[in-house]
Protein chains: 4
Amino acid sequence: MPKVDDAHREARRQQVLDAAIACFARTGFHQTSMADILQEAGLSAGAVYSYFSGKDEIIAAVAESRHRQEAQLNAAATAHADPIEALHRLARAYAGWMFDPSAAGKLRRRVGVQSWAEALHSPEIRAQVLRGLSAAKDALGALIRRAQADGRIAAAFDPEALARAMVALFQGFVLQLAWDEQAADRDTHLAAVEGLLAAITRDPRRGAAHGRERRPH
Amino acid sequence: MPKVDDAHREARRQQVLDAAIACFARTGFHQTSMADILQEAGLSAGAVYSYFSGKDEIIAAVAESRHRQEAQLNAAATAHADPIEALHRLARAYAGWMFDPSAAGKLRRRVGVQSWAEALHSPEIRAQVLRGLSAAKDALGALIRRAQADGRIAAAFDPEALARAMVALFQGFVLQLAWDEQAADRDTHLAAVEGLLAAITRDPRRGAAHGRERRPH
Amino acid sequence: MPKVDDAHREARRQQVLDAAIACFARTGFHQTSMADILQEAGLSAGAVYSYFSGKDEIIAAVAESRHRQEAQLNAAATAHADPIEALHRLARAYAGWMFDPSAAGKLRRRVGVQSWAEALHSPEIRAQVLRGLSAAKDALGALIRRAQADGRIAAAFDPEALARAMVALFQGFVLQLAWDEQAADRDTHLAAVEGLLAAITRDPRRGAAHGRERRPH
Amino acid sequence: MPKVDDAHREARRQQVLDAAIACFARTGFHQTSMADILQEAGLSAGAVYSYFSGKDEIIAAVAESRHRQEAQLNAAATAHADPIEALHRLARAYAGWMFDPSAAGKLRRRVGVQSWAEALHSPEIRAQVLRGLSAAKDALGALIRRAQADGRIAAAFDPEALARAMVALFQGFVLQLAWDEQAADRDTHLAAVEGLLAAITRDPRRGAAHGRERRPH
DNA sequence: TATGAATGAGACTTCATTCAT
DNA sequence: AATGAATGAAGTCTCATTCAT
């Protein structure tokens with residue numbers, strides 16, 4: 001019955017990953033020892049090593065699970081017909097995930113920031129991070145181009161640069177939130193992002209484009 | 001002649017810090033061994049340990065020197081009488097430093113990102129990072145408030161939130177540049193930041209402001 | 001089955017302590033390296049460090065085990081009803097232990113002397129040594145007082161000073177033996193101690209005290 | 001002018017030795033670093049190394065100076081014509097030196113105890129200590145034999161064993177005093193030693209030996 | 001002679017990983 | 001499959017000693 005075995009295997013792997021996330025969020029990848037993870041998971045060394053080849057694979061798997069979840073956000077949000085509405089939905093989807101005030105959200109931010117640093121010297125994690133960045137930029141870029149085609153965003157904007165800036169804004173907020181969870185709440189962050197969005201959007205109902213009537217949200 | 005000794009001492013410390021920065025940028029704080037730093041610096045263990053009490057002090061000194069340089073940017077740029085001009089100068093000063101395409105700039109970004117991660121569990125580095133963040137936010141916030149008093153930025157903006165967003169934008173760009181130095185050049189980043197700035201600024205030469213109906217949040 | 005584990009743990013700790021005693025006796029606490037102990041014990045560094053937190057704890061445990069054994073001597077010997085007989089038994093018990101000509105006795109003396117020196121700057125070992133000294137002095141002092149009450153030892157003796165002197169005599173012999181195992185045998189030492197004892201003891205069967213029949217050895 | 005140079009050299013050596021004694025008394029031979037000694041002496045490394053070949057030579061010289069001083073005690077005291085009086089003088093000379101309550105005496109005891117431990121594994125120091133022990137035993141033994149020839153000490157005593165016991169008594173007192181300087185004063189120790197002496201001495205004016213007139217303290 | 005910066009062997013300790021049970 | 005004791009390479013740091021100045 002491989003199905004049962006696979007389910008069991010998957011459950012055990014998740015148990016290890018959850019423990020690892022808790023430890024990594026607390027002390028960072030390289031200051032967390034395997035012993036810390038074993039204790040947090042309540043498993044023996046032998047057990048953990050039968051599911052993962054080593055610490056590096058655990059780090060990679062933690063980063064990978066983060067990446068997988070992120071990828072779903074893009075797909076879900078960009079389906080909407082109206083590009084501006086899709087942009088807003090995408091922003092809300094990301095904000096909901098990254099600014100999540102729950103304990104899980106806090107762990108995610110902290111591990112996320114560590115991964116960003118780790119990406120500087122781990123080829124695997126770098127690839128993941130860059131893939132995630134590209135996916136977000138591509139999704140945003142496509143929507144921006146559609147909006148520009150509709151005359152809803154000034155053609156003068158470089159879609160790539162604009163997409164990059166929107167992601168940067170998110171990333172900076174995640175950093176600030178990771179350093180100080182009290183820094184601001186989810187709505188504050190979302191408002192800022194949507195403000196940027198509104199500032200560059202033309203009102204579609206007016207003949208002449210004007211930034212002045214834009215409603216940030 | 002303490003001057004000679006002090007100069008020598010300072011030179012040696014800098015030699016170690018330079019070596020450490022090179023190593024940290026390459027492999028991260030905790031995957032860099034003291035042996036790596038010794039080799040890079042071309043010094044013996046004993047020599048290095050006579051200038052620093054240990055690896056932690058080196059990490060702290062590296063982060064500290066970064067922080068010290070950053071602090072000077074705020075002061076230099078905010079002196080201008082016109083708040084909008086001061087904001088632009090501040091943006092350019094930060095951009096010039098953080099997006100510096102030279103090797104030194106690249107090292108700075110990479111070490112900076114590591115420090116951001118390290119700040120999550122090192123009280124000292126966290127304090128430095130938060131101090132730097134506060135200083136930047138305060139400088140920006142003061143200028144924004146002056147601009148609002150002059151009617152140059154819509155009063156509806158929360159100065160604190162706006163300042164925070166401008167910093168976030170910078171931080172996100174630094175991250176993206178650190179991951180991929182080819183991602184964009186200094187001008188692209190600066191243009192994006194100045195674009196945001198322009199989008200929220202009223203034209204002072206016009207009787208009626210044009211940003212007036214927008215409610216950023 | 002904690003019993004098995006505990007037994008195993010205790011056996012391993014003892015294995016380390018035995019190795020440490022051999023090394024310490026040979027080269028002293030601070031000139032013995034952990035590598036020496038590891039080799040002598042036939043264990044790896046990791047194994048030893050899972051039983052002891054470090055070298056200091058091993059030193060303390062070695063001194064402690066010595067102290068524990070010594071404490072039993074006092075209790076066993078002082079139970080006798082006749083105080084003079086109890087004094088002799090105590091002297092014989094100590095002599096049997098401290099002048100033991102076996103290899104174990106030799107190790108004990110050598111480590112003991114090192115502990116005496118170590119007690120000068122290690123608070124833990126000093127406390128142990130002083131506790132052992134007090135226990136011996138107290139046991140002797142109580143017996144001396146009982147003998148004085150019975151008129152068997154001249155009331156003019158200060159019991160505390162006499163006890164201290166008897167202990168000093170033992171300690172000096174241990175030193176001399178440690179320096180030169182051929183210096184004298186157990187009987188010689190015991191004879192000297194019992195000689196001192198006899199010299200201060202009145203013959204209970206005689207009306208008048210006489211030191212003259214004593215045979216110092 | 002070699003005389004001046006020699007005097008200078010000797011003064012410098014003594015300066016180092018004094019510093020070393022202070023350090024050794026405080027922390028023991030092997031936990032005192034050369035840096036400690038340099039600082040205490042107020043000399044540079046190069047200076048110290050031009051007077052001593054290394055730490056071992058300093059340790060040996062410290063032990064040696066102690067030994068030299070001790071040797072003078074024997075000679076001075078044993079010159080007296082009456083062997084019993086000479087024994088008392090010898091005891092007082094040793095007591096005066098070893099139980100000296102001054103700071104110098106305290107240092108001497110502490111360094112002495114360390115030397116005793118060091119003698120277990122350093123051939124040089126062992127030789128010194130054994131030479132000192134032999135000298136004392138020989139001086140005492142000679143006096144005891146003279147006293148026995150005069151009928152002042154019972155012939156039944158083994159002179160060697162008796163001498164050894166008297167030295168042991170001193171050594172034990174030194175130990176106890178080093179551990180706790182408040183343990184007893186010089187007079188108490190001297191009284192105990194003289195008490196032992198009296199206990200084995202026959203009254204020369206009486207035909208029959210009597211221990212009973214002895215005054216233990 | 002004197003200095004003290006520099007050396008580098010070696011000390012203690014940790015921890016990712018293995019493997020006999 | 002699971003355990004956890006054991007391994008040992010590698011890490012950080014110290015300190016006796018040297019040598020250019």
Side-chain angles (χ1 to χ4, degrees), chain A residues 5 8-9 12 30-39 41-59, chain B residues 1 4-5 8-9 11-12 15-16 30-39 41-59, chain C residues 1 4-5 8-9 11-12 15 30-39 41-59, chain D residues 5 8-9 12 30-39 42-59:
Chain A
D5 282 353
H8 180 247
R9 184 171 183 78
R12 279 280 197 250
H30 300 294
Q31 278 168 318
T32 293
S33 70
M34 283 301 283
D36 294 334
I37 298 176
L38 302 184
Q39 169 151 43
L43 290 173
S44 69
V48 168
Y49 274 86
S50 73
Y51 297 115
F52 293 92
S53 71
K55 192 180 175 184
D56 286 349
E57 190 181 315
I58 294 178
I59 294 177
Chain B
M1 251 155 281
V4 169
D5 284 353
H8 178 254
R9 183 172 185 77
R12 276 281 193 258
Q15 181 181 356
V16 173
H30 301 294
Q31 276 168 319
T32 294
S33 72
M34 283 303 287
D36 294 335
I37 298 176
L38 303 185
Q39 170 149 46
L43 289 172
S44 67
V48 169
Y49 276 89
S50 75
Y51 296 111
F52 294 93
S53 70
K55 192 180 176 184
D56 285 350
E57 191 180 315
I58 295 178
I59 294 177
Chain C
M1 252 156 281
V4 169
D5 284 353
H8 177 254
R9 183 172 184 78
R12 276 280 193 258
Q15 181 181 355
H30 300 295
Q31 277 168 319
T32 294
S33 72
M34 284 301 288
D36 294 335
I37 298 177
L38 302 185
Q39 170 150 46
L43 289 172
S44 67
V48 169
Y49 276 88
S50 74
Y51 295 111
F52 294 93
S53 70
K55 193 181 176 184
D56 285 350
E57 191 180 315
I58 294 178
I59 294 178
Chain D
D5 283 352
H8 180 248
R9 184 173 184 77
R12 278 279 197 252
H30 300 294
Q31 279 168 318
T32 294
S33 69
M34 284 300 284
D36 294 334
I37 298 176
L38 301 185
Q39 169 151 43
L43 290 173
S44 69
V48 168
Y49 274 87
S50 74
Y51 297 115
F52 294 92
S53 71
K55 192 180 175 183
D56 286 349
E57 190 181 316
I58 294 178
I59 293 177

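- Comparing D:Ala47 and B:Arg12 by the nucleotide of DNA chain E that holds the closest heavy atom to each, the one mapping nearer the 5' end is D:Ala47.
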Give me, pair by pair, the N or O atoms of the protein and of nucleotides 11-14 of chain F that are less than 3.5 Å apart, along with how far apart they are.
residue : atom : partner : partner atom : Å
F:dT12  : OP1  : B:Met34 : N            : 3.4
F:dT12  : OP1  : B:Lys55 : NZ           : 3.2
F:dT12  : OP2  : B:Met34 : N            : 2.7
F:dC13  : OP2  : B:Tyr49 : OH           : 2.6
F:dC13  : OP2  : B:Lys55 : N            : 3.0
F:dC13  : O5'  : B:Tyr49 : OH           : 3.3

Distance-only check: which donor-acceptor pairs under 3.5 Å involve side-chain atoms of residues 42-51 of chain A, not counting sequence neighbours?
residue : atom : partner : partner atom : Å
A:Ser44 : OG   : A:Ala47 : N            : 3.2
A:Ser50 : OG   : A:Ala47 : O            : 2.7

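- If you measure from atom CD of D:Gln31 to atom P of F:dC15, you get 10 Å, rounded to the nearest angstrom.
- Distance check: C:Thr32 OG1 to C:Ile59 CD1 gives 8.5 Å after rounding to the nearest 0.5 Å.
- Scanning DNA chain E 5' to 3' for nucleotides with an atom closer than 4.0 angstrom to a non-hydrogen atom of chain C gives a first and last hit of E:dA11 to E:dC15.
- Here C:Gln39 pairs with nothing under the side chain to side chain contact (heavy atoms under 4.5 Å, CB included) rule; sequence neighbours left out.
- Using a 4.0 Å heavy-atom criterion, one finds that B:Tyr51 contacts the sugar-phosphate atoms exclusively.
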field: Watson-Crick or G-U pairs under 3.5 Å in DNA chain E, rendered as dot-bracket with [ ] for crossing pairs and | for another strand
entry: .||||||||||||||||||||

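- To the nearest 0.5 Å, atom CD1 of residue C:Ile58 and atom CE of residue C:Met34 are 4.0 Å apart.
- Summarising the geometry, atom NE2 belonging to C:His30 is positioned 7.0 Å from atom NZ belonging to C:Lys55; distances are rounded to the nearest 0.5 Å.
- Distance A:Leu43 CG to F:dA1 P: 14 Å, rounded to the nearest Å.
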